[in-house]
Each structure stands twice: as structure tokens, then as C-alpha cells.
Amino acid sequence: MSSGTYRPEPLLPLTYCQSEPHPPAPPPLVDRGCFNWLRRNLFPNWRQSLLSILIFSLLAGTAWHLARFLLVDAVWWGDTGEACRPSDGRPVGACWAFIADRYKYFIYGSYPLDQRWRVNTFFIAGGLGLAYLLWPRAPFRRLGLTLVIVALPLTGFIFLSGWDAVGLPDVPTNLWGGLMVTIVVAAVGIATALPVGILLALGRRSHLVIVRWLSIGLIELPRGVPLVTVLFMANTMLPLFLPTGLNPDKLVRALVGITFFAAAYLAEIIRGGLQAIPRGQYEAASALGLGYWKTMVLIILPQALKVAVPNIVSINIGLFKDTSLLLIVGIFDFLSTIETARIDPRWAAPTISTTGYAFAAVVYFSFCFGMSRYGALIERRLSRDHGR
Amino acid sequence: MKVRIYSAALAALTMAITPNWGSAHESSTLAKVRARGELICGVGTGLAGFALPDSDGNWQGLDTDYCRALAAAAIGDARKVKFVPLTAKDRFAAIQAGQVDVLARTTTWTLSRDTANGLDFRAVDFYDGQGFLVRADSGLTSAAELDGASICLTQGSTAELNTSDYFRAKGMKYKPVTFATSSETVKAYESGRCDSYSNDSSALYGERRRMAEPDKHVVLPEIVSREPLAIGVLQGDSQWSDLTAWLHFALLIAEDNGITRDNVETYLTSENPEIRRLLGVEGNVGELLGVNKDWALRAIRAVGNYGEMYDRNLGSGSPLKIPRGLNALWSKGGLQYAPPLR
């Protein structure tokens, strides 16, 4: 056996886990049709089936009770609470007659009767503006966007509060109320909070120290306290610090409070969007010779805002709902008008409160859901390139 | 030299921009109201019978009617009122900051509010107090029969404290059943959890009406606590507090003499000296108060006498149907009493 020759080790016999091919699986079950879908998703085994049946019977029971209360047993006509009082064993559901009697108060509050056309005009203008925003190929879109989102709420506020120079009598804001206040506050809040939020976000990333510290303060201060505190501060404390006679309008004070509160949150959301923009975008803009503002307005913000849209919409929905806190400072928003109407002794009946709250829920939901759908639409339009 | 010029300029600038803290007390409230041509009246954010907007958004209630009467007396026009709804927490800050001229907001007159909160109370427009609601078929006719009863109460309310005091003073026992909110408390009572429900009597009548069968519940006649709801004004302006007090007295005197909104004109020729002074036909009562001669006449024309105000908003003419009780005139066994107008 010479050591110089190479001898391979003898090969081990090949072994397989399975010596024969696996028998072909049966073709997949026909997975179409309503019945199969139900079986696959709701009744795959006995435990899940039981759970499904339990949940569905609960849902059906709730739905039936809700339908009975809201529709079947509901009282649709009547002039006073007596109509909605249970008599001779007949159950009484929602008292829609109460809503029908008071709906004007829920919309206009105490706005003077002969001036309510102004509120209607504002609503119609707002409706037209929204329709315009939903129309993708509308002419002058860019200009229109600014007009509807920024100019309309602000001119609307002036239009509603009055301007003697153009012959619109003053309607002090203590007479405002109802849905109108909720919409005006939310619209003005959104219109002013977004630009303020953008400026604060840019300020927080600024290299100028004072601007940066100021922005940080304006962001962290409102974020550090609940909105109720901000409103209290604006309403109760501020007048004590100001000289007597200088009494800024109650609604304006609350509006400023709400705007700063929303702007602080928006600023952080937009800052998140700004941080998502890769450095190359800034460098490319510099290479093209764009200055700070041109870089921001033309290159960075359009991309950053696009990233931030879902959160911006969330904040705006939150702002709409937060308007119900205005009652604490004595402003009658939509929910407060329901609160005050439901204690009216003329409409005293057991189900009045529930009816009022049910109505409020429907109205709030339709507005918030509408805003959410509109946000989703904007997202789809903006994200064509990314397809996400 | 230069330094002095600068510091003088700085002082002048500071003077110019520093708020004028004292200005609230420099001119009287009455003068301010008359100059403004509008009375700013702090009311509640919605309380049946006292201040509540109707379907057109007009404020209705005893408190708001009082403000209309005050506007009529001070300015001459009952429509010149701006109602500012105030929450319970807001109300004292609002009057201290001069945001409202008068507080007609179901505010109980207490010692600390009269002193520490810097308010003055002169006119009690409603004597409220805690009462008990029981089922009519229980056969109870007096709170003294409530020994051993279970009583539904709202946690942390003054009603909870008052009930405890009342039963201790009477040497009786009771079983408190407490809930977090007043609506829960009422529901629990209605569903039979307790024999009685206790709250301010003005609230009891409103809550009873919201029950499924209001006729099956009665409010016992006893009032076991003192809650004088008074008109509040800022301390230190006696001219203004005099007017708020005497307006209330004038409306009481009008009721005592049978002067109403509809028949007030016929009394202008009355020979009764007090009526002649009240309506400004003779004497200088208005002048003493700093308002026009016909101040009370205008107030009565606007809202009627105290009894009319009560009936319309709380009493038999309203859905609440709260009996006059303590709020009857002194001549009818109540507490509403007016000093002589001369």
C-alpha cells in the first residue's frame, strides 16, 4: 500500500427518506360559493361553529332591540313629551317627535331667526366647496383647494359674525350654537391648525436656535396638558390677566385654544413626515440651486405631507369631536344643544335623553365617517405612484 | 442724564402697556351698563325653569326673566340683555373679571361666597332646599316617617351630607344607596332600589316629570336644607347691588298689590301711595337708585310681577308645577318679603 496513491473512500449507498414518489394529493375542494365560504370562515370545526353561533345570536339580539327602539316602537309625531310617555302597557322607543320639534335649535342654536339665511348660505357654500374638492378634474384645482380649505372657513366666520361696513348686522357669538358652532369651530380649527402645524414642524427642525426653542415650546406646552385645561385657561384664566374692557370674544378664545392644541399634534405628525424624506432629496434640491423655502414648498413638503395624510385626517376627526368640550366653557355646540333640550320639562319623558344621544351619535358618525372616507380618497389619489 | 431719560421713557412705556387693573372699580357697574346699552347677565348652561333655551333659542326661566327685568329697569329695554351661559366652575371668575354684570345663576348664598369670593347677594329669587321623592302608593306623607327607609343619593352631593345631618338630628336611621351620577340615582329609585330619592326640590320636580309614570311619585312637603338661590353682584358697588335688590322687592310689592303685566297701566292712576311711588308717579325712588323714574313700571311691563314670573317658569303655568311653598309672599306664609318702598 503505497502512501502516494489516493484512494477514495468507498461510497455509501444512497438512502432516501421515501423510496417512492408521494401519491398525488386530491384536487382542492371547490372553494367557491356562499356555502363553502361560510363553512371555511365561520364553521370550520365544532368549537369555532359554536362561537360563531353565539356571536351571531348576540348581534342579532342587539340589532333587533336597536331596531325596535329606534324604529318599531318609536314615536314619530307629537307636540309635547306626553306623546312619548308609555301608556297602557305599550312600550315606547325613541321619541323622534322631540328631534323634529327641536331640530332647528340643534342646527342654529340661538342665532336670530331673521339672520339664519346666513348660516344656510354658509352651509351651502361649504357643501359646494366640498363637492368641488371631490371632483378630480376640476378647473383651477390648486387655487380652489386654498379657497375651500383656508379662505372659506375664515370668510365664513366673518360672514356669520357680521360686518357692519357691508351691511351684515353683528351676531354676537354668544347667540351661536348647535351644529353650526361645531362645524365652524372644526372648519376654522382645521384651516388654521394645518398651516400653523407646518410652520411649527419646520421651526422645530430649523437651525435658528430661537425659532427652534420657540417651536418646541409651542408644541410641547399644549401637548403636555389636556384640551380641557387649554380651554379653561383660554376662557377662565385669560380674562383675569387681561385688563377689564379688553374682553376677546369667548368663541374666538376657545378657537385659538383649539387651534394651538391641534397644531401641536399636527406639527409632530408633519415632522415625522419630514424625517421620512431621504437626505438625497434635500441634496438634489440644493444641487438644482433651490433655496430653503423653494426646497420645502416644491420638493420636501409635498412628499412629507403625503406620508402624513392618514394621521392628519385622524387629528382632524379628533378635532371635530373635541368641539363637544366647548360646553365646559359655556359655548353651546351641537352636543350641548341636545344636552339642554333634553332637560326641557315640556319634553319630559323617559326616553328623551336616549333619543337625543342616539341622534347625536348618528350625526357625529356621519360627519366623522365622511371625513375618514375623504381622507382615504386623498390617499388613493396621492399614492398612485407607490401603489400602497 | 441719559439714563434718566431712558428710565423715564421705559416707565412711560410700561404705564402704557400695563393693563389698567383698577378700572373695574373706578366706574360703577350701572354707569357701564347704561353706557354700553346692554346688560350682560351670567346664567346657567341649562336648568329647567331657571334658564333654558326654547326651540327658537330664546332663553326662558326665572333667572333669565329677572335679567330682562333688570335690563328694563337699568336701561329701559328688556331686550337689551346678553345672556352668557356659565358653568358652575366658571361663574365666580366670570363676575370677578367683569365679564358679566350680574350673576343670575341659581347660586346659593353662603358665607364664603359672600366674603371670600368677593360677591354680594341681596335678592333671593328662589328659596330652594332639599326634599324627598317617594312613591305615592307608599302612603308616606311626611319626611318624619322615613325612619329606616333606604334613600337613593348621588355620591359626593350636598344632598348626601344634608340627608345624613337631617336623620342624625331627628334621631332616625336610614340606609343610603349611592350612585356616581344623578341620572343613575334617579333610575335606581325608579326601578325600586330605594324607598326614596333625595335632591334639591326644584330638581325633584323636573326629574319626576321624566319618569315613566310621574303621577305615581310625590314630593314630601318638608324641605330639610336651606339653599337660598340669590342674585350675585360684585362686592363694593352698593349702587348696583341696591338696584338688584330693590328690583326684586319691587316685583314682590307689585305682586302683593295685584299689579300684573296686563293691568299695570290701570294702576298709574292709583291713589295708594306705595303704588304711586313704585310706578314713579310720585316721589324720587328711581332717582335714589340711579335709574329713571319709570324703572319698576318698565320691569313689570316686561316680565310681570314676581308671582307671574314664578307661575310662568316654575309654577302652575309651567310643566314643572312646583308649589310656591317657601317662595310665597310673606302675606301668604312664605319667605318672600319686601322692605317698605319709600
Side-chain angles (χ1 to χ4, degrees), chain A residues 80-82 84-87 91-92 98 100-113 116 172 174-178 232 235-247 250 327-332 336-353, chain B residues 17-27 32 38 40 42-49 51-60 82-87 89-94 96-99 183 186-187 190 203 205-214 313-314 318-322:
Chain A
T80 65
E82 295 306 318
C84 298
R85 215 167 259 292
S87 56
V92 160
F98 160 67
D101 184 59
R102 285 308 192 86
Y103 79 95
K104 278 189 183 152
Y105 179 61
F106 297 152
I107 295 176
Y108 304 103
S110 299
Y111 210 84
L113 289 175
R116 285 187 178 173
N174 68 305
L175 296 179
W176 298 24
F232 248 125
N235 190 59
T236 310
M237 303 302 288
L238 200 64
L240 293 176
F241 302 145
L242 293 174
T244 41
L246 182 67
N247 254 338
K250 206 171 182 174
L327 176 65
I328 297 167
V329 295
I331 294 169
F332 282 57
S336 330
T337 53
I338 289 182
E339 280 280 341
T340 47
R342 81 185 175 87
I343 56 172
D344 184 351
R346 206 166 68 84
W347 275 101
T351 59
I352 291 295
S353 298
Chain B
I17 60 173
T18 307
N20 190 359
W21 301 103
S23 60
H25 306 287
E26 276 167 13
S27 58
K32 267 199 303 184
E38 186 180 52
I40 304 179
V43 296
T45 50
L47 184 59
L52 195 71
D54 65 9
S55 8
D56 287 336
N58 298 317
W59 287 89
Q60 308 290 345
K82 179 177 169 186
F83 294 107
V84 177
L86 299 171
T87 58
K89 289 173 193 154
D90 256 356
R91 53 185 164 180
F92 299 123
Q96 281 152 10
Q99 283 178 296
S183 60
V186 176
K187 275 227 173 69
E190 207 185 352
Y205 286 93
E207 277 153 357
R208 182 178 69 164
R209 264 190 71 78
R210 279 200 289 280
M211 293 179 176
E213 291 166 304
N313 296 306
L314 299 162
S318 82
L320 289 171
K321 308 228 181 318
I322 306 178

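The basis for the numbers below is simple: all heavy atoms, side chains too, and nothing from hydrogens, waters or symmetry mates. Every chain is numbered from 1, with letters handed out A, B, ... down the list of sequences.
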Hey, could you give me the [atom1]/[atom2] distance between [X] and [Y], rounded to the nearest 0.5 Å?
X	Y	atom1	atom2	result
L320(B)	R346(A)	CG	CZ	12.5 Å
Q99(B)	N235(A)	CD	CG	6.5 Å
R209(B)	E82(A)	CZ	CD	5.5 Å
D54(B)	D344(A)	CG	CG	8.5 Å

Which of the residues [options] is involved in the greatest number of heavy-atom pairs with chain A at under 4.5 angstrom?
options	answer
A93(B), A94(B), P214(B)	P214(B)
T87(B), L86(B), D90(B), L47(B)	D90(B)
A48(B), P85(B), G46(B)	P85(B)

_Please classify the contact of R342(A) with chain B as side chain, backbone, both or neither, using a heavy-atom distance under 4.5 Å._
backbone
*Given a strict heavy-atom distance threshold of 4.5 Å, which part of I352(A) is in contact with chain B: side chain, backbone, both, or neither?*
neither
*Can you tell which part of A212(B) gets under 4.5 Å to a heavy atom of chain A, answering side chain, backbone, both or neither?*
both
*With sequence neighbours excluded, residues passing side chain to side chain contact (heavy atoms under 4.5 Å, CB included) with P172(A)*: N174(A), L175(A)
*asked:* Does any part of the side chain of T340(A), heavy atoms only, come nearer than 4.5 Å to the side chain of L52(B), both counted from C-beta?
replied: yes
List, one per line, each side-chain donor-acceptor pair under 3.5 Å for residues 103-110 of chain A, sequence neighbours excluded.
{"from": "Y108(A)", "atom 1": "OH", "to": "N120(A)", "atom 2": "OD1", "distance (Å)": "2.6"}
{"from": "S110(A)", "atom 1": "OG", "to": "G57(B)", "atom 2": "O", "distance (Å)": "2.6"}

